Q: 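One structure follows; several queries about it will come next.
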Number of protein chains: 2
Amino acid sequence: MANAPAATQALAVLKLLAEQAAPVPAATIARALELPRSTVYHLLAVLQGEGFVAHLPEERRYGLGVAAFELGFAYSRQQPLRWIAQVVLARLVDASTHNGHFAVLHGTDVLYLIEERAPGRASLVTDVGVRLPAPLTASGLAMLAALPAQQVAALFPSRRALVRRHDAGPGTLTELRRSLAAVRRDGYAHEDGSVTPGFASVASAVLDHVGHPVAAVALTFPTAEVDAEARSTLAAQAGRAAARISRQIRGRPAGAA
Amino acid sequence: MANAPAATQALAVLKLLAEQAAPVPAATIARALELPRSTVYHLLAVLQGEGFVAHLPEERRYGLGVAAFELGFAYSRQQPLRWIAQVVLARLVDASTHNGHFAVLHGTDVLYLIEERAPGRASLVTDVGVRLPAPLTASGLAMLAALPAQQVAALFPSRRALVRRHDAGPGTLTELRRSLAAVRRDGYAHEDGSVTPGFASVASAVLDHVGHPVAAVALTFPTAEVDAEARSTLAAQAGRAAARISRQIRGRPAGAA
DNA sequence: ACCCACTGTCTCAGATCCGAGACACAAGCG
DNA sequence: CGCTTGTGTCTCGGATCTGAGACAGTGGGT
């Protein structure tokens, strides 16, 4: 297969810029990607010409451009799953009065595609576009629990693949399997403070026609506000929303994710 | 300046895919971009390798991949303006109980960066990522009204630059200028059914430290539900939200958009 | 005002890529 | 089952690019 270094390099520049919290100087890009300065300026000129990169002359820095934003939205728009989920999630959030999320599994991570905020509540760390280790999240646990054991083993071949945060989350594969068994027993997944201290989530997986988890629906709430009974109610609501989306996607061709 | 056809072509493929409502066959890409089939397969392989494109073998089609999505989110995340606006817009929506939007001017279009949905209300056509002709929208009119007349003339050199929809929106430059004068007189912009029949919006521009419009805040409501007095109240609320964001961005370096 | 480090532009030849077209495989239709 | 159309892979040489390094300009520090 022939190579296309210019294309590969241009995409690498975009990915690097996407990893930055703010626009950066061209020299930073050259250093990080180990590319000649002339090559970087050349690539930036092409990316700028197509709108993917914006040059900030006053700051002498480069950041992502509007074309990058539209690309991201276009991905979202191409997902029939997202449109179905948007409506169902809006209803769930209105009914439960808690923030709701819709996420997909991507490797060992969860990627949040939709966040619906309930009135009077702030957005959380699980904003759209955020990626978190699946075992730390209710959504991730819900999806992993619906996978065959071999697939889970493939994703997490050793304890090295596990990430802990706020001293939370499974530390061994045995703990992970135990968590997943509990999810299957309870019928829903939950996490307490693993993602944001003081907040908990409940989640259910959205299954396709062959029972494969394609996404998850979650509700997030302040731990202190919701007792065990209320939590079960929220879990049931999330479960019904996930089931509704599952029914609606059956009969549709499998989408990318 | 040297050229980088492979980089340019790869970006063209991404843009084409972003314009599609669903994944497409490779032949469609080759035809649309007038590229050799081997070149297209080659570019798709590179884009796929970097995660920007996903191949759907069962459908024999190609669509955008997760890296495209993350790119779009990364753009959003790099905008300090967006984070400030997110909080202010959430409060505005909670207080007004109507859907709110946050948009920027991009050429002669408005580009929606944030949508905050009020409980019990459906998302509208002005979803995140959507781009609409500025003169048709309250947000667009608010920003255009805050621009110097020469800049408006540069953006709209002739009536050819004007777009009508649902038989709405200014049809001549004179009408446009008249609309903008009304916005300046009233202190807020509004549209009735230009974007979505049965819905109206009010909007105010967010101004930077030199008085340049960098964004707009809008509230959208069903026309039948809101009388003239209530509309003024919503306009005032949107105006205060925009002013609050304006105050918060002063003292910060100008961001990209 | 001067100096230094950095930004941004430009050239051109050795190195490397791009794409025409052949080939194998797959899907759909009669 | 056979045929047609479309998908996807692969080769290689004429055409073209990549990037070292020179140069000019800019901004910040002293």
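Only a predicted model underlies this, so the values are computations on that prediction, with no experimental measurement involved. Atoms considered below: every heavy atom in the structure, side chains included; atoms not considered: hydrogens, waters and symmetry mates.
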Q: Near DNA chain D, which residues from residues 29-39 of chain B have a heavy atom under 4.0 Å away?
A: Arg37(B), Ser38(B)

Q: Run the side-chain contact (heavy atoms from CB on, under 4.5 Å) check on Ile29(A) and Leu17(A) step by step: do they pass?
A: CA-CA 8 Å; Ile29(A) 299 167; Leu17(A) 288 176; 4.0 Å; yes

Q: Quick check for you: to the nearest 0.5 Å, what is the distance between Leu132(B) atom CG and Thr108(B) atom OG1?
A: 11.0 Å

Q: Can you pull out how bent the helix from dA1(C)-dT30(D) to dG30(C)-dC1(D) is, comparing the axes over its first five and last five pairs, to 10°?
A: 60°

Q: How many Å lie between CG on Leu47(A) and P on dG8(C), as a whole number?
A: 15 Å

Q: To the nearest 0.5 angstrom, please state how far the CD atom of Glu70(B) sits from the CD atom of Glu19(A).
A: 9.5 Å

Q: Within residues 12-22 of chain A, find the residues that approach DNA chain C with a heavy atom at under 4.0 Å, and present them sorted by residue number.
A: none

Q: Please report the interatomic distance CD1(Ile84(B)) to CZ(Phe102(B)), rounded to the nearest 0.5 Å.
A: 8.5 Å

Q: Roughly how many Å is it from CG in Leu43(B) to C1' in dG8(D), rounded to a whole number?
A: 15 Å

Q: Can you list the residues that meet the ring-ring contact (aromatic ring centres under 6.0 Å, His included) rule with Phe69(B), with sequence neighbours excluded?
A: Tyr75(A)

Q: Working to the nearest 0.5 Å, report the span between CG of Leu141(A) and OG of Ser204(A).
A: 12.0 Å

Q: Show the atom names and distances, to 0.1 Å, of all donor-acceptor pairs under 3.5 Å that link a side chain in residues 142-156 of chain B to residues at least two apart or in another chain.
A:
none

Q: To the nearest angstrom, how far is Arg61(A) atom CZ from dG27(D) atom P?
A: 15 Å

Q: With sequence neighbours excluded, what pairs up with Arg61(B) under the salt bridge (charged side-chain N to carboxylate O under 4.0 Å, His left out) test?
A: none

Q: Tell me whether the side-chain N/O atoms of Tyr41(A) come closer than 4.0 Å to OP1 or OP2 in dC6(C).
A: no

Q: Have a look at Val53(B) and tell me which of Val46(B), Leu14(B), Leu43(B) forms a side-chain contact (heavy atoms from CB on, under 4.5 Å) with it.
A: Leu14(B)

Q: Rounded to the Å, how far apart are Glu58(A) CD and dG25(D) P?
A: 21 Å

Q: Measuring from Leu113(A):CG to Gln86(A):CD, what's the distance to the nearest 0.5 Å?
A: 10.5 Å

Q: Among the candidates dG8(D), dC18(C), dC6(C), find the nucleotide nearest to the side-chain atoms of His42(B).
A: dC18(C)

Q: Please check if the number of heavy atoms outside Arg244(A) that lie under 6.0 Å from its CZ is greater than 12.
A: no

Q: I need the CD-C1' distance between Gln48(A) and dT7(C), as an integer number of Å.
A: 14 Å

Q: Where the side chain of Gln9(B) is defined as all heavy atoms beyond and including C-beta, which of dG19(C), dT7(D), dC17(D) is the nearest nucleotide?
A: dG19(C)

Q: Could you tell me how far apart Leu56(A) (CG) and dG8(C) (P) are, to the nearest whole angstrom?
A: 10 Å

Q: Closest nucleotide of DNA chain C for His55(A) versus for Ala6(A): which of these residues is on the 5' side?
A: His55(A)

